[in-house]
Amino acid sequence: APTVGTATAGDKQASVTFTAPANTGGAAVTGYTVTSSPGGLTATGAAYPIVVTGLSNDTAYTFTVKATNSAGTSPASAASNSVTPIAALAVSTTSLPNAQMAVAYSQNLAATGGTAPYTWAMTVGTLPAGLSMSTAGAITGTPTAATTAAVAITVQVKDANGKVTEQMVVFNEDNPRAVRMAAAMKN
């Protein structure tokens, strides 16, 4: 049987490494099959890593590997380490209410996926005068000057595992309908 290496979780998937079996019965290995537990989902390939897709996020999985050649299929390897797929990190805030001069403002940015806690930063641009953003993703304050043009900032969220994504946010203090989120996703 192959020797299982390491399983690494992704979004609804896991990548599994392994080494070839020491004894192949005298015939070259022609392929490998990785099987998940639970679920029995399989993926095949000629070498490692093999990615098993279709997994459920937030469910723990282990994996076994079998080798195949002209002599048949090997027994399953020992089970891999346990991994839990999680959704990809994303900024989930899709709109923000308008910020108005001399009116207190408080909005929280939100993220999904990844692993909490999240840390927020502004990477491009400047908030309208009087507003600030905390590392918790709260945009608060009282705007002290009106703007006649849109103010664009890019916010970044980082999860506990160091995964990062960014999104551009556009404010227009004078027009309540002009505040919107424009996707500018980066990984």
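Keep in mind the model is a prediction, meaning the values are calculated, not measured.
- Within the 4.5 Å cutoff, the side chain of Thr135 has no heavy atoms near those of the Trp120 side chain.
- For residues 39-81, the ring-ring contact (aromatic ring centres under 6.0 Å, His included) pairs, not counting sequence neighbours, are Phe18-Tyr48.
- Rounding to the nearest 0.5 Å places CD1 of Ile139 at 8.0 Å from CE of Met122.
- Between atom CG of residue Asn57 and atom CD of residue Gln13 there is a gap of 9.5 Å, rounded to the nearest 0.5 Å.
- When all heavy atoms of Ala60 and Ser82 are compared, the pair lying nearest together is CB-OG, 3.7 Å.
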- Task: Run the numbers on Glu166 and Val124 for side chain to side chain contact (heavy atoms under 4.5 Å, CB included), then give the verdict.
- Result: CA-CA 10 Å; Glu166 294 183 340; Val124 176; 5.9 Å; no

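- Looking only at side-chain heavy atoms (C-beta outward), Thr59 and Pro85 stay at 4.5 Å or farther from each other.
- Scanning all heavy atoms of the two residues, the minimum distance from Ser77 to Pro2 falls at CB-O, 3.1 Å.
- Rounding to the nearest 0.5 angstrom, the gap separating the OG1 atom in Thr44 from the OH atom in Tyr32 is 13.0 Å.
- Residues Pro143 and Val103 come closest through the heavy atom pair CD-O, 3.3 Å.
- Remark: side-chain polar atoms of Ser74 are paired, donor with acceptor, to backbone N or O of Ala67 under 3.5 angstrom.
- Using a 4.5 Å cut-off on side-chain heavy atoms (C-beta onward), Ser132 and Thr140 make contact.
- Panel note: side chain Asn69, backbone Gly25; no donor-acceptor pair is recorded below 3.5 Å.
- The main-chain N or O of Asn161 is never found under 3.5 Å from a side-chain atom of Thr115 such that the two would form a donor-acceptor pair.
- In summary, of the residues considered (Val16, Thr19, Asn81, Thr17), a side-chain contact (heavy atoms from CB on, under 4.5 Å) with Val4 occurs for Val16 alone.
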- Message: Does Gln156 form a side chain to side chain contact (heavy atoms under 4.5 Å, CB included) with Val164? I'd like the steps, not just the answer.
- Response: CA-CA 7 Å; Gln156 177 188 78; Val164 174; 3.3 Å; yes

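- The two residues Val51 and Ala43 have their closest heavy-atom pair at O-CB, 3.3 Å.
- Under the 4.5 Å side-chain heavy-atom criterion for ILVMFWY residues, no single connected hydrophobic cluster contains both Ile86 and Leu55.
- The two residues Leu109 and Met133 come nearest to each other via the heavy atoms CD1-SD, 3.7 Å.
- Remark: side-chain polar atoms of Thr93 are paired, donor with acceptor, to backbone N or O of Ala110 under 3.5 angstrom.
- Val91 places a side-chain heavy atom less than 4.5 Å from the side chain of Thr165.
- Tyr118 and Thr112 make their closest contact through OH-C, 3.8 Å (heavy atoms, listed as atom of the first residue, atom of the second, distance).
- Using a 4.5 Å cut-off between side-chain heavy atoms of Ile, Leu, Val, Met, Phe, Trp and Tyr, with links allowed through other members, Val155 and Tyr105 fall into the same hydrophobic cluster.
- Between the side chain of Thr35 and the backbone N or O of Thr42, no donor-acceptor pair lies under 3.5 Å.
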